[in-house]
Number of protein chains: 2
Amino acid sequence: MDKQNRHFAIKQIISHQVIGSQDELCLALGKAGFDVTQATLSRDLKELGIARINAPEGVRYVLHAESEERRLVSFIGYEIESIDANESIVVIKTLPGRAQGVAEIIDSMHHPAILGTLAGDNTIFVSPASVNRVDEVLRMLRSLMSEKRLQVA
Amino acid sequence: MDKQNRHFAIKQIISHQVIGSQDELCLALGKAGFDVTQATLSRDLKELGIARINAPEGVRYVLHAESEERRLVSFIGYEIESIDANESIVVIKTLPGRAQGVAEIIDSMHHPAILGTLAGDNTIFVSPASVNRVDEVLRMLRSLMSEKRLQVA
DNA sequence: ATATCTCTTGCATATTTATTCAAGAAAGCG
DNA sequence: CGCTTTCTTGAATAAATATGCAAGAGATAT
């Protein structure tokens, strides 16, 4: 089961050559000794959170920074102690000194329901895009804590 | 002809809510008073260079940093005086003091054929991913100079 | 005013990507 | 070891996105 290696190869390939379709990626992977179908690549790209940019100069798959950092999200659960909210703001308590780091990762998600974050030493204030979305943000952040995704792709 | 406004609305929408398909975007735009079809949105997203991320948590359109900066590319032609190459490196001459800025924009393209850039005051060294790709890089960079895309979206 | 060009768009459809279903491989367990 | 459960995958197909073509709307020129 070569999935792990294939995932690495995919990242390697799309960061070194212009890949404009899954069929094209399929070919490139074939040359590298990975024989899979388009269906598998569709799933791989999804798991890797790879972005597809369709610009005037053509289509291209890229390793999106947001997706890269998404991997970190799997780990921040261990640094978070609690997540609560009142009617207008979400407050996260972290391990000592880890608030800045956790806040940065949350920022990197660019989640539309989050207006911004402000971090102290072990506390983060997360302001929602609207007071009506406090719950949405709360639930989203709490779901991060329970993620078990420990794959270290 | 409302294209300009629609483009702005699209950016506004996708940065404030999770949009997972062009049909969905179509709906959101409809509510904002823009009635267009999926075909038009496909073209709009391409013109705006908007990225589509397909991750485990779902599909989502985002304003990709790379695409944003691509707009700047339209202007750097005015700051570039010449682009030449020998067998192994491309050398760009810019207006005085503009090398750093131009190099940064080139870097932001994350073009797979470019390994890296080094900028002085009015000179940039661009090292290709391989000596075999000097021509590719040269042609790509020269094409930037001639771009007429002056749309200030 | 008429002709010619360019730009934008929708419709129909081609192309590309995602998913359903079933099969096979590996892992855990009694 | 046999049984169940979980993963991974391909083939077929559904779903989503891109595009060829033609029509209409402005420009500009004659």
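A note on names: the letters A, B, ... follow the listed sequences, proteins ahead of strands, and every chain is numbered from 1. All values reported here derive from a predicted model rather than from experimental measurement.
Here dC7(C) presents its C1' atom at 12 Å from NE2 of His7(B), a figure rounded to the nearest Å. Per the geometry, CG belonging to Leu48(B) stands 12 Å off P belonging to dA18(D), to the nearest Å. Counting to the nearest Å, the P atom of dC7(D) and the NZ atom of Lys3(A) are 9 Å from each other. Residue Glu47(B) contributes atom CD, which lies 10 Å from atom C1' of dC7(C) at whole-angstrom precision. Separating the CD atom of Gln4(B) from the P atom of dG26(D) is a distance of 16 Å, rounded to the nearest angstrom. For Asp35(A) and dT8(D), the CG to P distance is 19 Å, given to the nearest whole Å. Rounded to a whole Å, the CG atom of Leu41(B) is 12 Å from the C1' atom of dA18(D).
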**OP:** Show the numbers, then the answer: is there a side-chain contact (heavy atoms from CB on, under 4.5 Å) between Ile114(B) and Met140(B)?
**Re:** CA-CA 10 Å; Ile114(B) 293 178; Met140(B) 190 275 284; 3.7 Å; yes
Original post:
Checking side-chain contact (heavy atoms from CB on, under 4.5 Å) for the pair Val134(B)/Ile89(B): CA distance, chi angles, key distance, verdict?
Top reply: CA-CA 6 Å; Val134(B) 169; Ile89(B) 204 164; over 6 Å; no
**OP:** Could you go through the side-chain contact (heavy atoms from CB on, under 4.5 Å) check for Asp44(A) and Lys3(A) one step at a time?
**Re:** CA-CA 9 Å; Asp44(A) 284 351; Lys3(A) 192 176 169 187; 4.3 Å; yes
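If you check dT9(D), dC11(C), dT19(C) against the side chain of Lys46(A), the one that comes closest is dT19(C).
Between Ser42(A) and the phosphate of dT17(C), there is no side-chain N or O to OP1/OP2 separation shorter than 4.0 Å. Between Arg52(B) and dT16(C) there is no side-chain polar atom (N or O) within less than 4.0 angstrom of OP1 or OP2. At least one side-chain nitrogen or oxygen of Asn54(A) sits closer than 4.0 Å to the OP1 or OP2 atom of dA18(D).
Side chains of Asp23(A) and Ser21(A): a donor-acceptor N/O pair is absent below 3.5 angstrom, by distance only.
Within 4.0 Å of Val36(B), counting heavy atoms only, lie sugar-phosphate atoms of the nucleic acid but no base atom. No engagement by Asp44(A) is indicated, since no non-hydrogen atom pair under 4.0 Å with the nucleic acid exists.
Gln100(B) is not listed as a side-chain neighbour of Glu104(B), based on a closest heavy-atom distance of 4.5 Å or more. Counting only heavy atoms from C-beta outward, the side chains of Thr94(A) and Ile124(A) approach each other to under 4.5 Å. Tyr61(B) places a side-chain heavy atom less than 4.5 Å from the side chain of Gln22(B).
Contacts of residues 12-33 of chain A with DNA chain D (heavy atom under 4.0 Å): none.
Here Asp84(B) pairs with Arg142(B) in a salt bridge; the nearest charged N to carboxylate O distance falls below 4.0 Å.
With sequence neighbours excluded, the residues satisfying salt bridge (charged side-chain N to carboxylate O under 4.0 Å, His left out) with Glu136(B) are Arg133(B).
No single ILVMFWY cluster, assembled from side-chain heavy atoms under 4.5 Å apart, contains both Val126(A) and Val18(B).
Heavy-atom nearest nucleotides on DNA chain C were determined for Tyr61(A) and for Arg43(B), and the one closer to the 5' end corresponds to Arg43(B). Of the residues near DNA chain C, Gln38(A) and Gln38(B), the one whose nearest nucleotide (by heavy atom distance) lies more toward the 5' end is Gln38(B).
Consecutive Watson-Crick or G-U pairs involving DNA chain D, each under 3.5 Å on both distances, make up stems of three or more pairs at C:1-30 with D:1-30.
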